[in-house]
Amino acid sequence: MGSEINRRDAIKRAMAIGVVAIPSASVLTACATSSGGDSDKKKPAPAGTKSAANPLGVKNGAPLEAFVFKGGFGDDYIKAAEAQYNKTYGTTVKHTGTQGIGPKLQPRFANNTPPDFMDNSGADNLDTAALAKENKLLDLTPLLDAPTIDDPSKKVRDVLIAGTVEQGQFGSQQMYALNYAFTVYGSWYSNKLFKENGWTYPQTFDEAIALGAKAKSKGIALFTYPGKYPYYVHFDMFHQFGKVGGKDVLNAIDDLEDGALQVDAVKQVIEYYEELAAKKLFLTGSEGKTHIQMQTDWTKYKAALVADGSWVENEAAPTMPKDFDLAVGPLVGGGPSDKLPFGTVYAAAGEPFIVAANGKNPTGGMELLRIMLSKQQTDNFTNTIKSLTCVSGSSEGLTLTPGLASASAALKAAGPNVLNARIQDWYKKLNNETLGNLTAKLLTGQIKSAQWIEQAQKACDDTKKDSSVPKFKHV
């Protein structure tokens, strides 16, 4: 990944000029309607004696329940932190790893019996914004103000990458989610495949179309995507809106401004995807694939590119050839007329960890997060998961894998030109379901670009008018 010091400088510059995404999910209807009454009153959590070694005041021996998403990162890294927690506090964390966070935990939040500590990630995760609005989540400010395990002279907030705190906030100073992994998104590819065929990563839409023709002549699709989760395409698409038209275009979309999708930059990008579909440059059958099936086809060289996050190196590891030589390319755009240069990327902290306000041991949940932010645990995460963490400089001195090195180089080259569309976490249902379904139809040729824009704008307008949906705006 190149120089880690320079990389971290690039991150700080990038995060200082924008906000970062928090993955969230479908509206938590049960929680949104459950408030008031005796069952909502928080029972006193077990309190321990605060000390230099126990700054949050965790009660020794108190039970702690962790419910975590077991996806691309697995959950062994959390178990490693739990083992340290168990040893320190004389207990055994009750651990559940699952891919169905939302369906399993919605009833528990509704009944005010949530687990203490959660990795709220995955396609079926809980709506972080709704939980925060309903006061179901613990404000993590005490964690931010606690000393770090490695250097008690520093507070936790002092070692986090710039923007990490802000991304866990929802219209207030309270932080309700700690996003642990730092992710670089883009079009991922095999350097081996490209070198063997003499291909160059495209900088413009025209170059991408030309590359698609070359790949097609060899029986390889330009792109594949997970049709069951078509919002993956938005990792590139929405940030291409910003590359072509500038950050103001992206912010207007996030803010649900009138006519935000009816601008030239959006038209140019959507017409590009319409052309990809018309020229059949997507892998046949992509519309029925999951993200894992998409990755498997890609690692078998059936497609040249996938829009994904840097977790793909770990998630696709079971099928990725050892000589695949993974790399990520920055956002493809219209060309010299774009508002932002080639090299612009989408990067954000992700993998949100939350602590339930009504959990039995919320203090223990915060302490487990403090342990996870220690050098021992961040090293373990980066070495085993092939991903960066939200702790500044945490990967310095580590040997980085090809994908992680490529992601770091891309981030360094981007400098301040880092984008992050907030619509994907502020309005998860709108992005993933409504707009995702429109994108799926666009990629299969069922609708044209003009129809996508018209219907997408209407969907944004409808969300704006819906008083039941919490609204957020860029400051």
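Everything quoted here is computed from the prediction, not taken from an experiment. Sequential numbering from 1 along the given sequence is applied to the chain's residues.
- Inter-residue side-chain proximity for M366 and P142 is flagged as met; some heavy-atom pair is nearer than 4.5 Å.
- With values rounded to the nearest 0.5 angstrom, T148 atom OG1 is found 7.5 Å from K154 atom NZ.
- The closest donor-acceptor contact from the side chain of Q293 to the backbone of T290 lies under 3.5 Å.
- Using modelled atom types, one side-chain atom of N197 and one backbone atom of L193 make a donor-acceptor pair closer than 3.5 Å.
- Side chains of N54 and K50 form no contact here, defined as non-hydrogen atoms less than 4.5 Å apart.
- With a 4.5 Å cut-off on side-chain heavy atoms, Y232 and M294 count as touching.
- For the pair F223/V306, no side-chain contact is recorded, criterion being any heavy-atom separation below 4.5 Å from C-beta on.
- Taking both residues in full, the closest heavy atoms of N86 and T92 are given as OD1-CA, 3.3 Å, listed atom of the first, atom of the second, then distance.
- Minimum interatomic distance between V328 and A410 (heavy atoms only, all atoms of both residues): CG1-CB, 4.2 Å.
- When all heavy atoms of A177 and P352 are compared, the closest pair comes out as CB-CB, 4.2 Å.
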- Message: Using side chain to side chain donor-acceptor pair (under 3.5 Å), reason through Y273 and Q240 one step at a time and then give a plain yes or no.
- Response: CA-CA 11 Å; Y273 282 91; Q240 286 166 328; 2.7 Å; yes

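- Across all non-hydrogen atoms, the minimal contact from L211 to T200 is CD2-O, 4.2 Å.
- In this structure, Y225 has its ring center under 6.0 Å from that of F282.
- By the 4.5 Å heavy-atom criterion applied to side chains, I292 and P226 are not counted as neighbours.
- Put simply, the residue from F73, W188, Y185 that forms a ring-ring contact (aromatic ring centres under 6.0 Å, His included) with W311 is Y185.
- Under a cut-off of 6.0 angstrom, the local environment of NZ in K300 is sparse, with at most 12 non-hydrogen atoms contributed by other residues, nucleotides or ligands.
- For S121 (side chain) and E351 (main-chain N/O), no donor-acceptor pair under 3.5 Å exists by modelled atom type.
- For the pair D139 (side chain) and M175 (backbone), a donor-acceptor distance under 3.5 Å is present.
- S408 places no side-chain N or O within 3.5 Å of a backbone atom of L404 that could act as its donor or acceptor partner.
- Residues T299 and A316 approach most closely at CG2-CB, 4.1 Å, considering heavy atoms.
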- Task: Kindly determine whether Y427 and L256 satisfy side-chain contact (heavy atoms from CB on, under 4.5 Å), including the steps that lead there.
- Result: CA-CA 10 Å; Y427 306 106; L256 303 179; 3.7 Å; yes

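- Using bins of under 30°, 30° to 60° and over 60° for the plane-to-plane angle, the ring pair F235/Y346 lands in the tilted bin.
- Taking the side chain as every heavy atom from C-beta outward, Y180 and F381 approach each other to under 4.5 Å.
- The line from NZ of K87 to CD1 of I371 is 11.5 Å long, rounded to the nearest 0.5 Å.
- Of the possible polar contacts, none joining the N432 side chain to the Y231 backbone as a donor-acceptor pair under 3.5 Å is found.
- When all heavy atoms are compared, the tightest approach of S468 to P470 is O-CD, 3.6 Å.
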- Item | Verdict with supporting geometry, S286 and T224, side chain to side chain donor-acceptor pair (under 3.5 Å) | CA-CA 6 Å; S286 292; T224 183; 2.9 Å; yes

- Item | Residues L419, L340; criterion side-chain contact (heavy atoms from CB on, under 4.5 Å); working and verdict | CA-CA 10 Å; L419 296 172; L340 295 176; 3.8 Å; yes

- Query: How far apart are the C-alpha atoms of T389 and T382, what are their side-chain angles, what is the distance that settles it, and do they pass the side-chain contact (heavy atoms from CB on, under 4.5 Å) test?
  - Reply: CA-CA 7 Å; T389 71; T382 298; 4.2 Å; yes

- Task: Would you check, one step at a time, whether the test side-chain contact (heavy atoms from CB on, under 4.5 Å) holds for L435 with H234?
- Result: CA-CA 9 Å; L435 300 183; H234 296 173; 3.9 Å; yes

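- No side-chain heavy atom of M118 sits less than 4.5 Å from a side-chain heavy atom of F353.
- Under 4.0 Å is where a charged nitrogen must lie from a carboxylate oxygen, and between K289 and D297 at least one such pair does.
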- Item | From CA spacing to verdict: salt bridge (Lys or Arg N to Asp or Glu O under 4.0 Å), R108, E65 | CA-CA 13 Å; R108 294 189 59 178; E65 183 181 5; 2.9 Å; yes

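- For the pair D127 and K428, the salt-bridge criterion is not met [side-chain N within less than 4.0 Å of a carboxylate O].
- P362 pairs in a side-chain contact (heavy atoms from CB on, under 4.5 Å) with only one of the listed residues (L140, L138, L64), which is L138.
- Taking the ring axis of F241 as reference, the NZ or CZ atom of K247 does not stay both within 45° of it and closer than 6.0 Å to the ring centre.
- The line from CG of L143 to CG of L369 is 6.0 Å long, rounded to the nearest 0.5 Å.
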- Kindly indicate, with the supporting measurements, whether the criterion salt bridge (Lys or Arg N to Asp or Glu O under 4.0 Å) is fulfilled by D425 and R422. CA-CA 6 Å; D425 59 284; R422 296 309 303 270; 2.9 Å; yes

- Task: Apply side chain to side chain donor-acceptor pair (under 3.5 Å) to E315 and Q295, showing your working.
- Result: CA-CA 8 Å; E315 194 166 58; Q295 293 166 355; 2.8 Å; yes

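- A donor-acceptor contact shorter than 3.5 Å links the side chain of N437 to the backbone of E433.
- Here the side chain of S310 pairs a donor or acceptor atom with the backbone of V184 at under 3.5 angstrom.
- The neighbour count for K471 NZ, taken as heavy atoms of other residues, nucleotides or ligands under 6.0 Å away, is above 12.
- Between the D254 side chain and the A421 main chain, no donor and acceptor come within less than 3.5 Å of each other.
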- Item | side chain to side chain donor-acceptor pair (under 3.5 Å) assessment of D116 paired with N361 | CA-CA 6 Å; D116 306 294; N361 189 2; 5.6 Å; no

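- Salt-bridge formation is not detected for the pair K59/E367: no Lys NZ or Arg NE/NH1/NH2 atom is positioned less than 4.0 Å from an Asp or Glu carboxylate oxygen.
- Summarising the local packing, NZ of K375 is surrounded by more than 12 heavy atoms from other residues, nucleotides or ligands at distances under 6.0 Å.
- A donor-acceptor pair is defined here as one N or O able to donate and one able to accept, closer than 3.5 Å; no such pair exists between the side chain of E134 and the backbone of L131.
- Looking only at atom types and distance, the side chain of D151 has a donor-acceptor partner in the side chain of S153 under 3.5 Å away.
- Residue-environment remark: NZ (K79) exceeds the threshold of 12 foreign heavy atoms within 6.0 Å.
- The shortest distance between side-chain heavy atoms of F324 and E313 does not fall below 4.5 Å.
- With values rounded to the nearest 0.5 angstrom, I385 atom CD1 is found 5.0 Å from N314 atom CG.
- The distance from the OG1 atom of T439 to the CE atom of M237 is 4.0 Å, given to the nearest 0.5 Å.
- Remark: S394 OG to Q377 CD distance equals 12.5 Å, nearest 0.5 Å.
- Tested against L144 for a side-chain contact (heavy atoms from CB on, under 4.5 Å), the candidates T164, L160, D158 yield a single pass: L160.
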